[in-house]
Amino acid sequence: MKIRNRIALQFSLIVASILLVFSFIIYLTSAAYAREDFYDRLKSKARTTARFLVMVSEVDQKLLKIIDRNTLTALYDEKVLVFDEKNRLIYASVDDQVIHYQKQLLDEVRQQKDVETWSDQNQLVGILFEESGRKLVVLASAYDLFGRNKQLNLGITLVWGLIFGIGITVGLGIFFAGQSLQPIDQINRQISTITARNLQQRLDEGDRKDEIDQLAVNFNVVLGRLEQAFEQQRSFVSHASHELRTPLAALKSEIQLGLLRRFSPEEYQEILNNLLSDTDRLINLTNSLLFLARTLENLTQMPLVPVRMEEVVLMAKDELISAKPEYRIEFDYENLPDSENETMVSGNEELLKRVLQNLLDNACKYSTDRTARIRIGTDRKFCRVSIEDRGIGMAPEEMERAFEPFYRSPKAVGFEGFGIGLPICQRIVELHQGRITVESRLHEGSRFTVWLAHL
Ligand code: ADP
């Protein structure tokens, strides 16, 4: 069922139930008032009849009957019976018709002085009339024709009122639900036109105040992220193919050179060595590309275990020095940790080692003294590892772009590298819910800091 119809239905059901309950209460209350009113009229009739009978000596039974039948206020099917102390009927307003009552009703009236009950369709009252030492029981009954008709009319009016009320409610419910859901229809129509090709399209955000505008705002944020991810992927593929083409072209020209003429064995040896080093470079590049692609996709299921940062730092340092002995790496504490736990983080040792090796390699590579300095610092929440160098440094705009895949500053062109080390580092640190920051001054040096929450 459409939301619009569901809202209209619920709204109508609620209003219909309220109308129904109110109509019912009105009907019942009005019926109770009418009944009470009629009992009062019957009692006053009974009292008047008894008073005439006992106190007005000029009025005999015959005259009283005539008066009873002909007064303007006579009730429909009205009957009055008067009984003496021995329950003998001493007066009946009608001769031919009888009041149906049970004998014990008379005793009940004598006890309670005032009884209200029913005789078939008619209302019946019994009162004890005490005057001049006599105790008469008067029964009066009549059919409340006027009251019943009024009640019937009220019932018909209420039923029609209900039918109209519910009809109008359903109509209004459908109209207002449609009106309030119209912006969602609009958003739906706009969303259906968005595909991978036009991710730059955005939804109309209105005045950004109501919930539906907020939905559009949030959806636009998601679209923005998707667009960025698509863009990243597109540029990754084009950069990757570009990076692969250069060493492949070098390989091809070396092979072509080898085929040009016959070479001496030493010359062939040199050509083969060149081929080998270019192939190594290619393998390095494809490995890094694969790793970057994997970190961009998902490493979210990687197991995280407690890792001691000093140990990771030392392992990264030792491995790097044994691969590149010309590097010098110094290690120091920024402050003495308050407890052992302050340098323990939850992470993946291999990946964190890779981050530190990349940063250390850059620090030594981009410095003439080939020296990097590692400092570990802690505070109440984070364990920081910063890697400093006194190398070529970066201008502010280079710092901003340093973490973009394949970005290399113009000064870095003379150094070996592909521009994918820092994006890998950033991605790994993000996977550890940490962050990586950079401070640098051109020609003075750089400091990269990895921030990870400690245990
Ligand atoms: P690569 O070093 O292979 O070029 P990275 O992703 O590691 O790729 O670094 C990206 C760019 O950031 C580098 O090309 C360089 O311009 C700059 N950069 C990184 N580290 C440093 C550093 N320690 N000093 C100066 N520039 C750096």
Side-chain angles (χ1 to χ4, degrees), residues 232 235-247 250 277-278 280-296 313 316-317 319-321 323-324 326-332 351-375 384-431 434-451:
Q232 255 181 14
S235 85
F236 180 84
V237 172
S238 79
H239 275 105
S241 30
H242 178 80
E243 291 296 323
L244 285 169
R245 220 173 33 200
T246 321
S277 78
D278 278 342
D280 276 344
R281 200 174 126 78
L282 205 58
I283 290 173
N284 257 346
L285 175 59
T286 38
N287 281 344
S288 306
L289 282 177
L290 256 179
F291 191 82
L292 179 61
R294 271 185 51 215
T295 52
L296 283 177
V313 166
K317 173 179 171 250
E319 281 180 25
L320 193 63
I321 297 271
K324 300 188 176 170
E326 70 276 19
Y327 286 176
R328 281 192 57 216
I329 298 171
E330 297 162 8
F331 172 43
D332 200 358
L351 294 179
L352 290 175
K353 193 171 76 186
R354 182 160 187 145
V355 171
L356 297 177
Q357 272 175 353
N358 269 342
L359 296 176
L360 286 170
D361 189 36
N362 279 352
C364 297
K365 184 169 74 178
Y366 294 115
S367 329
T368 38
D369 61 0
R370 296 277 181 271
T371 306
R373 189 162 169 224
I374 311 173
R375 278 150 66 90
R384 297 182 301 275
V385 181
S386 44
I387 286 139
E388 290 173 24
D389 63 68
R390 285 183 293 272
I392 61 173
M394 283 183 272
E397 63 278 8
E398 292 169 6
M399 268 194 301
E400 264 176 41
R401 301 194 56 197
F403 293 95
E404 281 177 24
F406 303 104
Y407 173 78
R408 305 202 72 206
S409 77
K411 295 188 307 304
V413 175
F415 299 86
E416 206 177 282
F418 309 113
I420 48 184
L422 286 183
I424 289 179
C425 292
Q426 190 179 43
R427 184 72 188 128
I428 293 176
V429 174
E430 277 171 3
L431 290 172
R435 64 198 160 95
I436 181 164
T437 55
V438 54
E439 300 148 81
S440 185
R441 272 171 183 273
L442 205 52
H443 308 304
E444 286 184 21
S446 315
R447 181 197 293 144
F448 286 83
T449 309
V450 175
W451 302 69

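Residue numbers run from 1 in the order of the sequence given. For ligands, and for the atoms within them, numbers begin at 1 and follow the listed sequence.
With sequence neighbours left out, Phe331 forms a ring-ring contact (aromatic ring centres under 6.0 Å, His included) with Tyr333. With sequence neighbours left out, Arg370 forms a salt bridge (Lys or Arg N to Asp or Glu O under 4.0 Å) with no residue at all. Not counting sequence neighbours, Phe418 has no partner by the ring-ring contact (aromatic ring centres under 6.0 Å, His included) test.
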Give one line per pair: atom of ligand 1, protein atom, distance. Only N/O to N/O under 3.5 Å.
{"from": "ligand 1", "atom 1": "2 (O)", "to": "Asn362", "atom 2": "OD1", "distance (Å)": "3.2"}
{"from": "ligand 1", "atom 1": "2 (O)", "to": "Lys365", "atom 2": "NZ", "distance (Å)": "3.1"}
{"from": "ligand 1", "atom 1": "2 (O)", "to": "Tyr366", "atom 2": "OH", "distance (Å)": "2.7"}
{"from": "ligand 1", "atom 1": "3 (O)", "to": "Phe418", "atom 2": "N", "distance (Å)": "3.0"}
{"from": "ligand 1", "atom 1": "3 (O)", "to": "Gly419", "atom 2": "N", "distance (Å)": "3.2"}
{"from": "ligand 1", "atom 1": "4 (O)", "to": "Tyr366", "atom 2": "OH", "distance (Å)": "3.1"}
{"from": "ligand 1", "atom 1": "4 (O)", "to": "Arg408", "atom 2": "NE", "distance (Å)": "2.6"}
{"from": "ligand 1", "atom 1": "4 (O)", "to": "Arg408", "atom 2": "NH2", "distance (Å)": "3.2"}
{"from": "ligand 1", "atom 1": "4 (O)", "to": "Gly419", "atom 2": "N", "distance (Å)": "3.4"}
{"from": "ligand 1", "atom 1": "6 (O)", "to": "Gly421", "atom 2": "N", "distance (Å)": "3.1"}
{"from": "ligand 1", "atom 1": "6 (O)", "to": "Leu422", "atom 2": "N", "distance (Å)": "2.7"}
{"from": "ligand 1", "atom 1": "7 (O)", "to": "Asn362", "atom 2": "OD1", "distance (Å)": "3.4"}
{"from": "ligand 1", "atom 1": "7 (O)", "to": "Asn362", "atom 2": "ND2", "distance (Å)": "2.7"}
{"from": "ligand 1", "atom 1": "7 (O)", "to": "Leu422", "atom 2": "N", "distance (Å)": "3.4"}
{"from": "ligand 1", "atom 1": "8 (O)", "to": "Gly419", "atom 2": "N", "distance (Å)": "3.3"}
{"from": "ligand 1", "atom 1": "14 (O)", "to": "Tyr366", "atom 2": "OH", "distance (Å)": "3.4"}
{"from": "ligand 1", "atom 1": "16 (O)", "to": "Ser409", "atom 2": "N", "distance (Å)": "3.1"}
{"from": "ligand 1", "atom 1": "16 (O)", "to": "Ser409", "atom 2": "OG", "distance (Å)": "2.9"}
{"from": "ligand 1", "atom 1": "20 (N)", "to": "Asn362", "atom 2": "ND2", "distance (Å)": "3.4"}
{"from": "ligand 1", "atom 1": "23 (N)", "to": "Asp389", "atom 2": "OD2", "distance (Å)": "3.0"}
{"from": "ligand 1", "atom 1": "24 (N)", "to": "Ser446", "atom 2": "OG", "distance (Å)": "3.3"}

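Arg401 CZ to Leu422 CG: the interatomic distance, rounded to the nearest 0.5 Å, is 13.0 Å. The distance from the CG atom of Leu289 to the CG atom of Asn284 is 10.5 Å, given to the nearest 0.5 Å.
Using a distance-only test at 3.5 Å, with no hydrogens or angles considered, a donor-acceptor pair links the side chain of Arg408 to the main chain of Phe415.
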